[in-house]
There are 2 protein chains.
Amino acid sequence: MAQRTAVAVRTRVGGQKQPVAKRPRLARAGGARRGDATRQVILDAAEQCLAAGDFDGVSLRTIGEAAGVDIALVNYHFGSKESLVEEVTGRRAREVHDARVLALEEARHAAGTAPPDVEAVVTAFLQPWLKRISSGDAGWQNYNRLLCRLTMMPKYLPLVSELLDPTALHFINALRAALPEASPESIYWGYMFLLGAVVQIMAGTGRLEQLSRGLCTTDDINSAMREIVPFVCHGLRALERTATEARG
Amino acid sequence: MAQRTAVAVRTRVGGQKQPVAKRPRLARAGGARRGDATRQVILDAAEQCLAAGDFDGVSLRTIGEAAGVDIALVNYHFGSKESLVEEVTGRRAREVHDARVLALEEARHAAGTAPPDVEAVVTAFLQPWLKRISSGDAGWQNYNRLLCRLTMMPKYLPLVSELLDPTALHFINALRAALPEASPESIYWGYMFLLGAVVQIMAGTGRLEQLSRGLCTTDDINSAMREIVPFVCHGLRALERTATEARG
DNA sequence: GAATTAATTCAACGAATGATAAAGACCGAA
DNA sequence: TTCGGTCTTTATCATTCGTTGAATTAATTC
């Protein structure tokens, strides 16, 4: 098998490379196109596969097979493997960003004239996220793991930055207002601690379950919030305290 | 080109698969073998490459080229790509584990009869790690990123568990003694928070630098410790407090 | 219904991958 | 020197990868 047919003369017309932009340009009146369902199926399958294996390890054939579509369709709809991963991550990133900003706005209204306190900011940051993680849609854990892996690969820093910076700057500002005594540097550190602590544990790595031999689980959002929020909030307040000590 | 020679008849003697164990079994008297230098060079190059790209994306050819050795040597010394990554991670894991256990022992001696407090345990956990990270040896950041990515891939959970569980259980015990009021569950959560917060920020992802536009940096171990230790310790103590509140 | 456009399928391309067999180079011991 | 084992090189294997041209089917427009 795998015998190459001796004929197979293929005239390549255009010598140039043009690996992108195959998707038609105009949307239909109603907005929904015929291939939109296919796009969604591919995105879902890609997300699932990419969260399991790593980027280069997951082949378009695997994704296509999981989605039940032909391989060539992936390239037809997304142009390349690279832009596929961008759409996979961007889809989730936009949704959770919007929900977080909305939650923060609500916290601002609830707080009245004063800025929301640390608990309110942290809750606005975590609630939309954890709610989705424990919604039963495994896609959110897949997304978290994928994003965390991308963060750990320097060459994806621009993509990660594009995906996460808007949210980060938004909540760093809110934290600054909630912790007026903390130095600007400490706020950045604190935000990274907050993010790291939660990502690591809520990405569905199975580490918590394995270490505790089933005693703990990340499935229940309420118990998760009960552990996470106090840890993070007290940690953040400590940054304010050390700043005061350093000054005094 | 890439024209297959029509002859090229190769009799495969053993039909079975035996992809492993090419390395000779016995060590020489002096301990040092002729190929040990080669092994080290390959391990270093592999670590560097694996931290940049992802596991399946980095080819043995890339690693061999970076190490300045022939590709076949990689398979000769390590048997397969998979066992190469195990050796790469195991080498660092053992070193930092031993250093941490030693630091914890010293903290126990310093504390006398009472168990070391939270600050002492956390410092024993972080100091050996951060010292290596900011030692100038970029290999430690590479190792951190690689390990974090492996943690985010379910199929590597057994390997990650083998690498990290000994350290984890060691320090979870110490934390339990330092936080007698906290529930067993909270200790597991707290350890994961501790690990996550620090890994995320000390893996050299560049996120902290990017977000703070250069205001913060993870290069200086002293300033890093000054931010991390208070955050983590106050967070851990908060777990104890919530447990008391829940009980009362 | 014809023409046009979008979506899908099929088959193959060239390039790169991990692996290995076979032969050569090196080296200490007899 | 010769021998036996360790280490290295060469050349190639079968397989899989991302991508693409061309043909086919389905939907929309005139």
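Lettering of chains follows the sequences in order, A, B, ..., and the numbering in each one begins at 1.
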- Query: DNA chain D: B:Ile71 or A:Glu82, which has the more 5' nearest nucleotide?
  - Reply: B:Ile71
Please report, rounded to the nearest Å, how far the [atom2] atom of [N] is from the [atom1] atom of [X].
| X | N | atom1 | atom2 | value |
| --- | --- | --- | --- | --- |
| B:Asn75 | C:dA22 | CG | P | 16 Å |
| B:Asp56 | C:dG18 | CG | P | 8 Å |
| A:Leu73 | D:dG18 | CG | C1' | 15 Å |
| A:Phe78 | D:dG18 | CZ | P | 15 Å |
| B:Ile63 | C:dT17 | CD1 | P | 11 Å |
| B:Tyr76 | C:dA22 | OH | C1' | 14 Å |
| A:Ile42 | D:dG18 | CD1 | P | 14 Å |

- Task: Would you tell me if any nitrogen or oxygen in the side chain of B:Ser80 comes within less than 4.0 Å of OP1 or OP2 on C:dG18?
- Result: no
- Task: Look at B:Thr38 and D:dC7 and indicate whether a side-chain polar atom (N or O) is within less than 4.0 Å of OP1 or OP2.
- Result: no
Atom [atom1] of [X] with >12 non-hydrogen neighbours under 6.0 angstrom:
| X | atom1 | value |
| --- | --- | --- |
| A:Gln40 | CD | yes |
| A:Gln48 | CD | no |
| A:Glu82 | CD | no |
| B:Glu87 | CD | yes |

Candidate nucleotides [options], ranked by approach to the side chain of [X] - the nearest:
| X | options | answer |
| --- | --- | --- |
| B:Ser59 | C:dT8, D:dC17, C:dG18 | C:dG18 |
| B:Arg61 | C:dG18, D:dT19, C:dT20 | C:dG18 |
| A:Lys81 | D:dT8, C:dT8, D:dT19 | D:dT19 |
| A:Ala72 | C:dT9, D:dT10, C:dT8 | C:dT9 |
| B:Leu60 | C:dA19, D:dT6, D:dG18 | C:dA19 |
| B:His77 | C:dT8, D:dT8, C:dC10 | D:dT8 |

- Message: By nearest heavy atom, map B:Thr62 and A:Asp70 onto DNA chain C; which one lands nearer the 5' end?
- Response: A:Asp70
- Item | Ring-ring centroid check A:Tyr191 A:Phe125, cutoff 6.0 Å | yes
